[in-house]
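Presented below is the structure to which this report refers.
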Number of protein chains: 2
Amino acid sequence: MCELCDYNLMLEEAGLAPNDNRLRILEVIGANAYPLTAAEIFAVIDRTKPVNRVTVYRILDSLVQRRIVEKISGSSRAAHYGLAPNDNHLPHPHFHCTSCGLVDCLAPETLSVDQDRLMKTFAGEIERVDVRIEGTCRNCLKLKNRT
Amino acid sequence: MCELCDYNLMLEEAGLAPNDNRLRILEVIGANAYPLTAAEIFAVIDRTKPVNRVTVYRILDSLVQRRIVEKISGSSRAAHYGLAPNDNHLPHPHFHCTSCGLVDCLAPETLSVDQDRLMKTFAGEIERVDVRIEGTCRNCLKLKNRT
DNA sequence: GCCGTTATGCAATAAAGTTGCATTCGGGAA
DNA sequence: TTCCCGAATGCAACTTTATTGCATAACGGC
């Protein structure tokens, strides 16, 4: 997703010590082309060097809170985690496959949203506007057609 | 949400017998100003006439499959259910409060999305485009400020 | 080396949803 | 009416995902 980010710096700016586990988790998330579930992230980093899954959950939570990581919840039960929008990394919509649960990133310019009206009239604090496309991914379409 | 809908008709058109439980669930969903969780729907209809929560889940699933009801998953673990877009009821964005988990409906014209580009380029089948606003609702803002 | 803070591990628990199987209901045919 | 079939419901057990509480370990300043 974002090879330009300096995770060390991002952590420090957010007031988090850039320790091994946090960096490894960020690297896994950043290196992947699409957002991963906590279980997937756990599986990857646990293979390299064993870690408790609770630790992964806790680190993910803290990263989400500091807006370093974005938590994307969709139709599949498990939340997916991707790098949050930042200077190197524009906000963008996600595609959710209702068939296999895959979550993918779409190009930022794929879809544009007119937020002005909302911002003016909404009584509450807006943190994030999220566009989600739901449907069937190419792979699942292929599988379906084979039957 | 939608007092104009004829639930009986909608069920029949979808090939579902308009039985008691299905109608009661639809009425609860339709009468409420914002989407409810399965647990909330269960609580309401169970008070009137006892029913098993599995039945509620199963009915909700079938209604979602036939596009009578829309399943809205957000940051809170539980999915919310609202009437799906139809002739009396335009697609519209939802607001998700990250603090209390509330999901609310926004006016359809609050936010507009330009889908054209997406539709042309995306390799897969698109079923639904969803806009979700995340933030803190008025109520939670008030509570926060009181501290 | 000592001490307080922060991070991690482990086990138990929780919340939301799902599955398998048994039972009941409702409506048409005999 | 009675029988029968498929649809609907109930119940208990289970799964998945995430969270909590408490104990231990690692880290950094003094």
Side-chain angles (χ1 to χ4, degrees), chain A residues 7-8 11-12 14-26 35-66 68-81 96 98-103, chain B residues 7-8 11-12 14-26 35-66 68-81 96 98-103:
Chain A
Y7 301 132
N8 255 289
L11 287 171
E12 265 169 11
L16 292 175
N19 68 10
D20 199 41
N21 283 335
R22 286 206 260 256
L23 283 170
R24 289 198 303 145
I25 287 181
L26 272 179
L36 297 169
T37 63
E40 290 166 336
I41 295 168
F42 166 72
V44 173
I45 74 162
D46 187 59
R47 230 183 299 133
T48 318
K49 176 172 159 250
V51 68
N52 195 279
R53 68 201 186 84
V54 176
T55 301
V56 174
Y57 279 117
R58 285 199 274 234
I59 290 178
L60 286 172
D61 278 355
S62 73
L63 294 175
V64 168
Q65 242 184 344
R66 321 276 162 136
I68 296 175
V69 161
E70 181 178 38
K71 181 174 183 174
I72 300 152
S73 31
S75 27
S76 75
R77 300 269 299 278
H80 290 243
Y81 297 86
H96 298 248
T98 46
S99 174
C100 67
L102 174 89
V103 176
Chain B
Y7 301 132
N8 255 288
L11 287 172
E12 266 168 10
L16 292 175
N19 68 10
D20 199 41
N21 283 334
R22 286 205 258 257
L23 283 170
R24 289 199 302 147
I25 286 181
L26 272 179
L36 297 169
T37 63
E40 289 166 336
I41 294 168
F42 166 72
V44 173
I45 75 162
D46 186 61
R47 229 184 299 134
T48 318
K49 176 170 159 253
V51 68
N52 195 278
R53 69 200 185 86
V54 176
T55 302
V56 174
Y57 280 116
R58 285 199 272 234
I59 291 178
L60 285 172
D61 277 354
S62 73
L63 294 175
V64 168
Q65 240 183 345
R66 321 278 162 136
I68 296 175
V69 161
E70 181 178 37
K71 181 175 184 174
I72 301 153
S73 30
S75 27
S76 74
R77 299 270 300 275
H80 291 242
Y81 297 86
H96 298 247
T98 47
S99 174
C100 67
L102 173 89
V103 176

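Chain letters run A, B, ... following the sequence lines, proteins first and then strands; every chain starts at 1. The basis for the numbers below is simple: all heavy atoms, side chains too, and nothing from hydrogens, waters or symmetry mates.
- Nearest heavy-atom pair across B:S73 and A:G74 is OG-O, 3.1 Å.
- A:A79 comes within contact range of the sugar-phosphate backbone alone, with a heavy-atom separation under 4.0 Å but no base atom that close.
- Straight-line distance from the CD1 atom of B:I59 to the C1' atom of C:dT18: 16 Å, rounded to whole Å.
- B:H80 places its NE2 atom 15 Å from the P atom of C:dA15, with the value rounded to the nearest Å.
- At D:dT9, none of the side-chain N or O atoms of B:N52 fall inside 4.0 Å of OP1 or OP2 (strictly under the cut-off).
- Considering only heavy atoms from C-beta on, B:D46 stays 4.5 Å or farther from B:R53 through its side chain.
- When each of D:dT20, D:dT17, C:dT8 is scored by its nearest atom to the side-chain atoms of A:A78, the top-ranked nucleotide is D:dT17.
- B:I45 places its CD1 atom 13 Å from the C1' atom of D:dA8, with the value rounded to the nearest Å.
- A:D20 comes within 4.0 angstrom of no nucleic acid atom, judged by non-hydrogen atoms across all strands.
- Per the geometry, CD belonging to A:Q65 stands 14 Å off C1' belonging to D:dT19, to the nearest Å.
- The shortest heavy-atom contact between B:V51 and B:F42 is O-CE1, 3.1 Å.
- Residue B:R58 places a side-chain atom within donor-acceptor reach of the base of D:dG10, judged by atom type and a 3.5 Å distance cut-off alone.
- If you check distances only, the side chain of A:R77 never reaches the base of D:dT17 with a donor-acceptor pair under 3.5 Å.
- A straight line from CG of A:N19 to C1' of D:dA26 spans 10 Å, rounded to a whole angstrom.
- Here the side chain of B:A38 is nearest to one of C:dG17, C:dA7, D:dC11, namely C:dG17.
- Between atom OG1 of residue A:T55 and atom CG of residue A:L60 there is a gap of 10.5 Å, rounded to the nearest 0.5 Å.
- Regarding B:L16, its CG atom lies at a distance of 17 Å from the P atom of C:dG26, rounded to whole Å.
- You'll find the side chain of B:L63 reaches within 4.5 Å of the side chain of B:L11, heavy atoms only.
- The CG atom of B:L60 sits 15 Å away from the P atom of D:dA8 (whole-angstrom rounding).
- Listed nucleotides D:dA8, C:dT18, C:dA11 differ in distance to B:V54; the shortest reach to its side chain belongs to C:dT18.
- Here the C1' atom of nucleotide D:dT9 and the OH atom of B:Y57 are 16 Å apart, to the nearest Å.
- In terms of position on DNA chain D, the residue among B:N21 and B:R53 whose nearest nucleotide sits closer to the 5' end is B:N21.
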